[in-house]
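Structure record follows, encoded as C-alpha cells.
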Amino acid sequence: MAENKENAPVQQDMNELLKVRRDKLAAFREMGVAPFGHRFEVSHHNAAILEQYANLEGEDESAEEVTIAGRLMAIRGHGKASFSVIMDRTGRIQIYFKLDVLGEEKYKQFKLLDIGDIIGVKGHVFRTRRGELTVRVDDFDLLSKSLRPLPEKFHGLTDTEIRYRQRYVDLIMNPEVMNTFVARTNIIKSIRNYLDSRDFLEVETPVLGTIAGGAAARPFITHHNTLDLDMYLRIATELNLKRLVVGGMERVYEIGRVFRNEGMDVRHNPEFTSIEIYQAYADYNDLMDVTEGIVRDAAMAVCGSLQVDYQGTTIDYSSFKRISMNDAVKEATGKDFLSCETVEEARAMADEIGVPYEKRFGIGGILNAAFEEKVEETLIQPTFITGHPTEISPLAKRNPEDPRITDRFECFVYGRELANGFTELNDPIDQEGRFMDQLKAREDGDDEAHMMDRDFITALEYGLPPTGGLGIGVDRLVMFLTDSASIRDVLLFPTMKPLAE
RNA sequence: GGUUCACUAGCUCAGUUGGCAGAGCACCUGACUUUUAAUCAGGGUGUCCCGGGUUCAAAUCCCGGGUGAGCCA
C-alpha cells in the first residue's frame, strides 16, 4: 500500500514519548527500512532454544543459525555492544547486539529500536560470562515499530481497569495472565475430549430467539430490522438441546455463550460460557458421574493434580460428597422441611431459624431459601446437593417416591454453584403444568420465571426418551482451576462500561 | 440499586496545615564491546478523572458527575 498522507490521522496532544517514537519511525523510513515488516520465518521459539542448548558451555556456540521473532522487553546498552531481551509466546531470551558483528549501518538501526518493538533475529547461540544463554545477533529485521511505551519493567501493569480494557497490554506484561488463558483453552479442550470420547455430538444452536427459555434469568432484548421483530439473546441452551434428543441425537452437548441481563460482580459477567450436556437413557446419577469425570479430567489436564488450591483453600476433587437438600438443611439447622404438611408449618420453621422467604414461596421454595441461607456457603469441598423442590425446578423430573422434589443435583465448590443437572422432565403434560406455574409466578412479580415455550411442549409430545442433563459454568470451573478470584480474570475481554467521551 | 475506597508523568507510586507538581522505572543527551531491575553524568516530559463552588491561593476542602475495585441487596 502506498503512503497516503491525507489519510494520516491528525495527532493531537501527542506527548514527548509518542513523538520520539514517531520520529524514530520516520528515521527508519529515511534509511529505507520498512518499519512494519512482512513475513518472517522462525526456526525456534525461545523456550526451544533454552531447552536445546541447555548444555552449551564455555566458549562454545551453536553450529546452526537460529531465527527467532518477538517483542523487545528490555534494552541494556553498552555503547558498542548491547544486551536486549526478546519475548515470544514461549517466554524470553536474551539477545546480544555487537557493533563488530552487525556493522555500522545495522548497529545504527539497532540504536533506533525501542522496548516494545517487534523484531526478527538471526544469530548463533552462546553463553555469556554470567552464564545466560543468549542469541548473538548476526542480523535482524524490524517487523513492527511500537509507537507506545509499555508499562514499567519492574512493577508492570497492575491497574485493573487498564488490564481489562486493554487486555493486550496485560498479556504482554503479565505472563501469569497468558498462563490463565492457555489453561482456559486447555480446560475446554479437556471437556471436549471427555465428551467426544464418550460418543457425544457437539452441536450449535441459535443465540437469537423469540423465547428465552431454559433458565430463570432476565434476557437481553435485541431487534431484527427486516423482520421488525424483537428477539432475545439466549439465557441457556437447554430447550434446543432437548429438542435434538427428541430428534434422536441421543448424546449432545454445546459449549456456548449465554447472556443474562443481571448484575455484575466477581462471579457474574453478562455473557459467559456454559456447557450443557444431554444423555438419553441416563438419569441424574449418571450425570453426576459425568460431572465428576469432567472436573477431574480438567484438573489433571491443567493442574496435574486433583488437589487444587483456590484462594488459600485446598479443594480435593478426588471425592464428591452427595447429600439431599433436605438432609443438608436438617444437618445444619435441625429442621426437616419435608415433614411439613402445610406452607404455614414451613413458614413457622423458617421463622424459627431466621430464614427470610417471600409470600409466593411454597414449602419447596422455603426449603430452598433455607438451603441458600444456611448451607450453600458452607459447601467448600465438592458436594452434590440432590432432591431440589419441584417448585424451583420447572424442567426436572419428579422423584418417583416424593413428587414434591425432583431428581436433580447441583454441584457446589467453595460455596458456589459449579454445575446443575437433573433427570429431564419428559412428560409433556407435567411440563405444560410447570410452565403454567411459572407464568403465574411471573404474574406474581417473579420476572425471572420461565417463559412458556409451546413448541418445546410439542417436541415433548413427540417423545423425549428418559434423559439426564447437565450444565456447567465453564468460567467458574476455570476460576477454580486457575485460582482466579474474579470472573473477569478468566474472560479475555470482560464487559466494561464505555469510557465517557 | 445502596455504601466504602481509589483516580497525580507512559507505568508504579509519594504529595505535610490549603501556599511554585515530586520520586523510581521509562524517555532524551553524552560515556561505556559479556550486561541482566546494567552502570555513570546531565535533562521533568503533567487536562493532578471531569464540571461547578469556597478561598488571596485548591491535587488537597465542599457539591455534582464519570470510571474502576470491594462490601451489602
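Letters go in sequence order (proteins before strands), and every chain restarts at 1. Atoms considered below: every heavy atom in the structure, side chains included; atoms not considered: hydrogens, waters and symmetry mates. None of the values given here were measured: they were computed from a predicted structure.
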Between protein and nucleic acid, restricted to nucleotides 33-38 of chain B and to nitrogen or oxygen atoms under 3.5 Å apart, what atom pairs and distances do you find?
unit_1 : atom_1 : unit_2 : atom_2 : d
B:rU33 : OP2    : A:K80  : N      : 3.4
B:rU33 : N3     : A:D100 : OD1    : 2.7
B:rU33 : N3     : A:D100 : OD2    : 3.2
B:rU33 : O4     : A:D100 : OD1    : 2.3
B:rU34 : O2'    : A:R129 : NE     : 3.2
B:rU34 : O2'    : A:R129 : NH1    : 3.1
B:rU34 : O2     : A:R129 : N      : 2.7
B:rU35 : O4'    : A:H78  : NE2    : 3.4
B:rU35 : O2'    : A:H78  : NE2    : 3.3
B:rU35 : O2     : A:R76  : NE     : 2.8
B:rU35 : O2     : A:R76  : NH2    : 3.4
B:rU35 : O2     : A:Q94  : OE1    : 3.3
B:rU35 : N3     : A:Q94  : OE1    : 2.8
B:rU35 : N3     : A:Q94  : NE2    : 2.9
B:rU35 : O4     : A:Q94  : NE2    : 2.5
B:rU35 : O4     : A:T128 : OG1    : 2.7
B:rU36 : OP2    : A:R130 : NH1    : 2.8
B:rU36 : OP2    : A:R130 : NH2    : 3.4
B:rU36 : O4'    : A:R76  : NE     : 3.1
B:rU36 : O2     : A:R76  : NH2    : 3.4
B:rU36 : O2     : A:Q94  : OE1    : 3.4
B:rU36 : O2     : A:E132 : OE1    : 2.7
B:rU36 : N3     : A:E132 : OE1    : 2.6
B:rA37 : O3'    : A:K153 : NZ     : 3.3
B:rA38 : OP1    : A:K153 : NZ     : 2.4
B:rA38 : OP2    : A:R76  : NH1    : 2.9
B:rA38 : N7     : A:G77  : O      : 3.1
B:rA38 : N6     : A:G77  : O      : 2.5
B:rA38 : N1     : A:H78  : ND1    : 3.3

Reckon A:L150 touches a base, only the sugar-phosphate, or nothing at all at heavy-atom distances under 4.0 Å?
-> nothing
The side chain to side chain donor-acceptor pair (under 3.5 Å) partners of A:H38 (sequence neighbours excluded) come to none
What nucleic acid atoms does A:R165 come within less than 4.0 Å of, heavy atoms only: base, sugar-phosphate, or nothing?
-> sugar-phosphate
Sequence neighbours left out, what passes salt bridge (Lys or Arg N to Asp or Glu O under 4.0 Å) with A:D327? Give chain and number order.
-> A:K330
Pair listing, salt bridge (charged side-chain N to carboxylate O under 4.0 Å, His left out) test, anchored in residues 259-268 of chain A, at least two apart | none
For residues 132-168 of chain A, the ring-ring contact (aromatic ring centres under 6.0 Å, His included) pairs (sequence neighbours left out) are A:F97-A:F140
Interface polar pairs with nucleotides 69-73 of chain B, N/O, under 3.5 angstrom:
unit_1 : atom_1 : unit_2 : atom_2 : d
B:rA69 : OP1    : A:R488 : NE     : 3.3
B:rA69 : OP1    : A:R488 : NH1    : 3.1

Complementary nucleotide of B:rG22, counting Watson-Crick and G-U pairs under 3.5 Å | B:rC13
Test item: side-chain donor near acceptor, A:R89 and A:N46, under 3.5 Å = no
In a check of side chain to side chain contact (heavy atoms under 4.5 Å, CB included) between A:M231 and each of A:I221, A:I211, A:L208, which one passes?
-> A:L208
Applying a 3.5 Å limit to both distances, which nucleotide forms a Watson-Crick or G-U wobble pair with B:rU67?
-> B:rA6
Got a sec: does the CD of A:E377 have more than 12 other heavy atoms crowding it under 6.0 Å?
-> no
